[in-house]
Asker: 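Before I ask anything, here is the structure I am working with.
Here, residue 1 is the first one in the sequence, and each next residue gets the next number. For clarity, every value in this text was computed on a predicted model and none was experimentally measured.
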Amino acid sequence: PVTGSYRSTTEKYNGTSWANSTTVPTPRAYVNGGGTETAGIVYGGDSGPGAGISSTELYSGSAYTAGGALPNLYYNAVGTGPSTATITVGGAGYPTTGPQRTVSTYNGTSWSANPATYPATLTRGRAVGDSSNAFVFGGSPSQNTSNTWNGTSFAGGPTMNVGRQDMVGFGAVTDAVAAGGTNNPSGGLTTSETYNGTAWSTGTAMPVGKNVSGTGGGAGTASAGLAFSGYYINPAITLEYTGAGVGTKT
């Protein structure tokens, strides 16, 4: 079921193909998600032009149940972590507020507004880790900054090789990948870079054209990653990342 361009569909990937699963109770876009296939979390986003969502929905592998409400109505926020230790940073607010610096954490039952703030306003970046140990990078407009989170505060990290937003991000706090995304209005990037806990290095290019662009999904580790869909990708494709290179699956 689709409400305008806001979808409620769920699909699961088994390493070879995608299969439909239970629909999300609230159709939404510009959303965050995390966790595993049998303990997932979906939160925030936009349910229609100018209608932010504060709800959280937990996924068991076959069904969704309601979780706690976010402290704020934000979309395009940056989030990471399992369903029991999630952190979300920044986002654009409703009804009139722009990009934010706020931080909220989730313990599996409820959200708490953290007194810490991100060093700059943040939307459309990516993060890896969890609510006690996270690494946040990129963001709009074409940011090349990164920051580490220790559960209490942020500290500045190394500069990315390419400023980017809406990229795919996956991995761990000392072994992360940033791939694709955009850094200008005319199209997307195919470049990638890897983070080893100290510095960013140029990685393998994605094997499709420049329209490997924004808001695609990413998951996995730096040696077994997954990138899928994306705003400009048609037909929808899945890319698997092995650390040495990427391969295309239809």
Side-chain angles (χ1 to χ4, degrees), residues 29-34 43-46 52-54 70-81 85-106 111-174 176-185 188-189 191-201 213-216 218 231:
Y30 310 110
V31 63
N32 267 310
Y43 51 98
D46 182 20
I53 300 175
S54 64
L70 282 157
N72 302 288
L73 299 177
Y74 292 150
Y75 72 104
N76 270 335
V78 178
T80 185
T86 304
I87 181 172
T88 182
V89 182
Y94 283 112
T96 58
T97 55
Q100 302 293 303
R101 299 173 55 197
T102 53
V103 177
S104 298
T105 57
Y106 187 69
W111 288 93
S112 299
N114 194 286
T117 56
Y118 197 68
T121 58
L122 180 67
T123 61
R124 299 162 68 178
R126 292 293 180 262
V128 293
D130 57 36
S131 58
S132 63
N133 185 25
F135 182 60
V136 184
F137 47 94
S140 176
S142 304
Q143 295 182 26
N144 63 359
T145 55
S146 65
N147 289 275
T148 59
W149 166 256
N150 63 8
T152 304
S153 60
F154 289 97
T159 300
M160 301 178 73
N161 293 303
V162 177
R164 61 182 83 211
Q165 62 202 43
D166 295 330
M167 78 290 272
V168 172
F170 51 83
V173 293
T174 58
V177 176
T182 60
N183 66 355
N184 63 75
L189 300 167
T191 58
S192 74
E193 47 191 299
T194 60
Y195 175 69
N196 63 3
T198 303
W200 289 94
S201 301
S213 186
T215 63
Y231 187 78

Asker: Which value, rounded to the nearest 0.5 Å, describes the distance between D130 atom CG and T80 atom OG1?
Answerer: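 D130 CG to T80 OG1: 7.5 Å, rounded to 0.5 Å.
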Asker: How long is the span from the CG atom in N114 to the OG1 atom in T88, to the nearest 0.5 Å?
Answerer: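 The CG atom of N114 sits 12.0 Å away from the OG1 atom of T88.
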Asker: Is there a donor-acceptor contact under 3.5 Å from the side chain of N147 to the main chain of Y118?
Answerer: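 No.
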Asker: Using atom types as modelled and distance alone, determine if a side-chain donor or acceptor of R126 lies under 3.5 Å from a backbone N or O of F137.
Answerer: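 Between the backbone of F137 and the side chain of R126 there is no qualifying donor-acceptor contact (under 3.5 Å).
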Asker: Taking the side chain as C-beta and beyond, is there a heavy-atom pair between V136 and W149 under 4.5 Å?
Answerer: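 The answer is no, as the side chains (C-beta and beyond) never meet within the 4.5 Å cut-off.
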Asker: Quick one: closest heavy-atom pair of A178 and M167, and the distance?
Answerer: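 Nearest heavy atoms, A178 then M167: CB-CG, 4.3 Å.
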Asker: So if I apply the ring-ring contact (aromatic ring centres under 6.0 Å, His included) rule between Y43 and each of W111, Y106, Y75, which one comes out positive?
Answerer: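 Only match with Y43 under ring-ring contact (aromatic ring centres under 6.0 Å, His included): W111.
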Asker: If you measure from CD on Q143 to OG1 on T121, what distance do you get to the nearest 0.5 Å?
Answerer: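 It is 6.5 Å, given to the nearest 0.5 Å.
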Asker: Measure across S104 and A113 and return the closest heavy-atom pair with its distance rounded to 0.1 Å.
Answerer: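 What the structure gives for the nearest pair is OG-CA, 4.1 Å.
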Asker: To the nearest 0.5 angstrom, please state how far the OH atom of Y30 sits from the CD1 atom of I53.
Answerer: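 One finds 12.0 Å between OH of Y30 and CD1 of I53.
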Asker: With a 3.5 Å cut-off and sequence neighbours excluded, list the donor-acceptor pairs that the side chains of residues 154-164 form with protein atoms.
Answerer:
unit_1 : atom_1 : unit_2 : atom_2 : d
N161   : ND2    : E193   : OE1    : 3.4
R164   : NH1    : G180   : O      : 2.9
R164   : NH1    : T191   : O      : 2.9
R164   : NH1    : T191   : OG1    : 3.4
R164   : NH2    : T191   : OG1    : 3.0
R164   : NH2    : E193   : OE2    : 3.1

Asker: For N32 and G79, work out which heavy atoms get closest and say how close.
Answerer: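 Closest pair (atom of N32, atom of G79, distance): OD1-N, 3.4 Å.
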Asker: Is there a donor-acceptor pair closer than 3.5 Å between any side-chain N or O of S142 and the backbone N or O of N183?
Answerer: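 Pair found, side chain donor or acceptor close to backbone of N183.
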Asker: Can you list everything that forms a ring-ring contact (aromatic ring centres under 6.0 Å, His included) with Y195? Sequence neighbours excluded, please.
Answerer: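 With sequence neighbours excluded, Y195 shows a ring-ring contact (aromatic ring centres under 6.0 Å, His included) to F135, W200, given in chain and number order.
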Asker: Enter the distance from L122:CG to T145:OG1 here, rounded to the nearest 0.5 Å.
Answerer: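 It comes to 7.5 Å.
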Asker: Measuring from atom CG of L73 to atom OG1 of T97, what distance do you get when rounded to the nearest 0.5 angstrom?
Answerer: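 If I round to the nearest 0.5 Å, the distance is 9.0 Å.
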Asker: Is a donor on one side and an acceptor on the other found under 3.5 Å between the side chain of Q165 and the backbone of T182?
Answerer: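 Absent.
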